Amino acid sequence: MTMLRVLGQTKLYWGLALLFAFGVVSSPVTSKGHNIFLSPGNLSDVLRQVSITGLVAVGMTMVILIGGIDLSVGSVMAFGSVITALMLTQSGWSTGAELAVPASAIVALVVVGGTARFVLAGLGRRAPRRGRSPTWDTALPWMFGLAAAVALWLWLAPGAGQKFGIVRVLVAVPCVGLAVGAVTGLVIVLGRLQPFIVTLAAMVALLGLARLAAGQDSAVIAVYSGTNATPAVDMLRQVLWGVVPIPGLFFIGALVIFTLVLKFTVFGRYLYALGGNEEATRLSGIAVVPVKISTYALSGMLSALASVLFVAQYRQGKPDAGSGLELDAIAAVVIGGTSLMGGRGTLAGTFVGVLIFGMLTNILELHDITTNFQLVLKGVIIVVTVLLQERDLGQLTASLRRGARMRERDAAAVGQPQAGEQQ
């Protein structure tokens, strides 16, 4: 393996290392001579700031792997932030509770029932074929799903009698996001529409729903632990060992879980196959419809989970909380090496892409660079990164060499007489 090929395969990690080194060298220092960039507090802030975008980027990676796109993630997060704030600050059956509790029960019914049906169907195929009972194939799985839905309803509903605690919110709000994502995927599959159009429509619709739930267009629902919300909200603001913020643990946990899913499960292999060639995947007997719906559902769930962390960090829920988040997530995924054509990419690359954006923003802020210039620089980085990702470094170097040789030949030909000319 040539050195150029090795550099081409690891260029993303070298880019992160060089950016980190630049941050260390160029960092301002405190009055005592301590490097600000390397301080535990600053590194903790970087991880905290990228966690929300990172959670959304994990879901976006899976969507792009199947050749899709999800422009609604920012609005899902905004909608989830409003529901979270309402559940934390309003007692009784508020708008947030009326949306979250039924949605959670429906999600429990479908997820548990569908999973039980899949497991029992596998057991049925292994069992001797003396005849199948209708209960085994149909009724029994949905009885499990119904039991799970009732149990979840009975656990969540008492929270409406007073203000919901943070644990109930961490369960209910992601269920809302999962339901929204599943509906989006269902419309894409059954309507045979382009994901760009459907998710764009979902983005606009969810923005309107968030404003309706909040009560007015620019409403900000303040969340203060110990006053209008339970003190447990501050659990999501804590920093473990003085370095690792709780939102960072959610982000890293999601990365680990879904990396294992992509590498070691049938569902993960289906995602890559679907993005590589959807028609061949369908002809091979793979159920494309549930895979697509599940992928968009997981993207919605992670965006809604990010909304709970957003409310805990910024102590507010508002309809425009996720403005521009979809662009940041897509940029991080693309910088991480995931192809927009689908079928190629890793969550490890997405993690590096998120960190590159987070460190770059932090370095620029430490040097008091204006936000407008930061946006320009990020745009340039996206274009250059995509160019390098789509064209391997070795191929790019080889093409440059071929171009140089062709120019040399053209220059030599100009200096020679053409055929038929008199000497």
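Predicted model only: the values in this text are computed from it and were never measured.
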**OP:** Grab the two heavy atoms, one from L86 and one from S94, that are nearest each other, plus how far apart they are.
**Re:** O-OG, 3.9 Å

Original post:
With distance as the sole test, does T184 use its side chain to make a donor-acceptor pair with the main-chain N or O of V180 at under 3.5 Å?
Top reply: yes

**OP:** Begin from the C-alpha positions of T265 and L260 and carry the test side-chain contact (heavy atoms from CB on, under 4.5 Å) through to its verdict.
**Re:** CA-CA 7 Å; T265 68; L260 295 176; over 6 Å; no

Subject >> Between D70 and S299: side-chain donor-acceptor atoms closer than 3.5 Å >> reply: yes

Original post:
From S307 OG over to L302 CG, what is the distance, rounded to the nearest 0.5 angstrom?
Top reply: 11.0 Å

Original post:
Are the side chain of S81 and the backbone of K318 linked by a donor-acceptor contact shorter than 3.5 Å?
Top reply: yes

**OP:** Check whether the side chains of T338 and T61 place a donor and an acceptor atom closer than 3.5 Å, and report yes or no.
**Re:** no

Original post:
Crowded around F144 CZ? As in, over 12 foreign heavy atoms under 6.0 Å?
Top reply: no

**OP:** Indicate the atoms forming the closest heavy-atom contact of Q313 with L236, along with that distance.
**Re:** NE2-O, 2.5 Å

Original post:
For D45 and N362, does a side-chain donor sit closer than 3.5 Å to a side-chain acceptor?
Top reply: no

Original post:
Any donor and acceptor pair, going by atom type alone, linking the side chain of H367 with main-chain N or O of S26 inside 3.5 Å?
Top reply: yes

**OP:** With rounding to the nearest 0.5 Å, note down the distance linking CD in Q194 to OG1 in T199.
**Re:** 10.0 Å

Original post:
How many angstroms lie between CG in L271 and CE in M62, if you round to the nearest 0.5 Å?
Top reply: 7.5 Å

**OP:** Can you sort out the partners of T84 under side chain to side chain donor-acceptor pair (under 3.5 Å), two or more places apart, ordered by chain and number?
**Re:** none

Original post:
Do S27 and N35 have a side chain donor and acceptor closer than 3.5 Å?
Top reply: yes

Original post:
What pair of heavy atoms forms the shortest contact from N277 to T281, and how long is it?
Top reply: O-OG1, 2.7 Å

Original post:
What are the two closest non-hydrogen atoms of A78 and P319, and how far apart are they?
Top reply: CB-O, 3.0 Å

Subject >> Heavy atoms of other groups near Y314 OH, more than 12 under 6.0 Å >> reply: no

Subject >> Audit row: M87, I83, side-chain contact (heavy atoms from CB on, under 4.5 Å) steps and yes/no >> reply: CA-CA 6 Å; M87 293 179 72; I83 293 177; 3.8 Å; yes

Original post:
What residues form a ring-ring contact (aromatic ring centres under 6.0 Å, His included) with F196, not counting sequence neighbours?
Top reply: none

Original post:
Side chains of L193 and I188: does their closest heavy-atom pair fall under 4.5 Å?
Top reply: no

Subject >> Side-chain heavy atoms of E279 within contact of L283, under 4.5 Å >> reply: yes

**OP:** Please confirm whether the backbone N or O of S75 pairs with a side-chain atom of S72, one donor and one acceptor, at under 3.5 Å?
**Re:** no

Subject >> Under the side chain to side chain donor-acceptor pair (under 3.5 Å) test, residues paired with R168 that sit two or more places apart >> reply: none

**OP:** Taking all non-hydrogen atoms of both residues into account, name the closest pair between P195 and I69 and its distance.
**Re:** CB-O, 3.7 Å

Original post:
Is there side-chain contact between V308 and I166, with heavy atoms separated by less than 4.5 Å?
Top reply: yes

Subject >> Validation row: L152, V171 side chains within 4.5 angstrom (heavy atoms) >> reply: yes

Original post:
So which heavy atom on G322 is nearest to which on E326, and how close?
Top reply: O-OE1, 3.8 Å

Original post:
Can you name the ring-ring contact (aromatic ring centres under 6.0 Å, His included) partners of F351, sequence neighbours left out?
Top reply: F251

Original post:
Please walk me through it: do V352 and F357 pass side-chain contact (heavy atoms from CB on, under 4.5 Å)?
Top reply: CA-CA 9 Å; V352 175; F357 256 138; over 6 Å; no

Subject >> Any donor-acceptor pair under 3.5 Å from R269 side chain to L262 backbone >> reply: no

Original post:
Is any side-chain heavy atom of L71 less than 4.5 Å from a side-chain heavy atom of I330?
Top reply: yes

**OP:** Scan V189, L274, I66 and name whichever one has a side chain to side chain contact (heavy atoms under 4.5 Å, CB included) with V288.
**Re:** L274

**OP:** Sort and list the pairs that fulfil salt bridge (charged side-chain N to carboxylate O under 4.0 Å, His left out) and have at least one residue in residues 359-369, not counting sequence neighbours.
**Re:** none

**OP:** With sequence neighbours left out, write down each residue that passes side chain to side chain donor-acceptor pair (under 3.5 Å) with S44, or none if nothing qualifies.
**Re:** none

Original post:
Do L366 and N42 have side-chain heavy atoms sitting under 4.5 Å apart?
Top reply: yes

**OP:** Measure the CE-CG distance between M359 and L43 for me, rounded to the nearest 0.5 Å.
**Re:** 7.0 Å

Original post:
Rounded to the nearest 0.5 Å, how far apart are CD1 of I356 and CG of L18?
Top reply: 10.0 Å

Subject >> Inter-residue atom distance I246.CD1 - L240.CG, 0.5 Å rounding >> reply: 4.0 Å

**OP:** Please lay out, stage by stage, how F250 and S51 fare under the test side-chain contact (heavy atoms from CB on, under 4.5 Å).
**Re:** CA-CA 8 Å; F250 278 89; S51 296; over 6 Å; no

Subject >> Non-hydrogen side-chain atoms of V173 and L305 separated by less than 4.5 Å >> reply: no

Subject >> Note, V101 side chain near W155 side chain (heavy atom, < 4.5 Å) >> reply: no

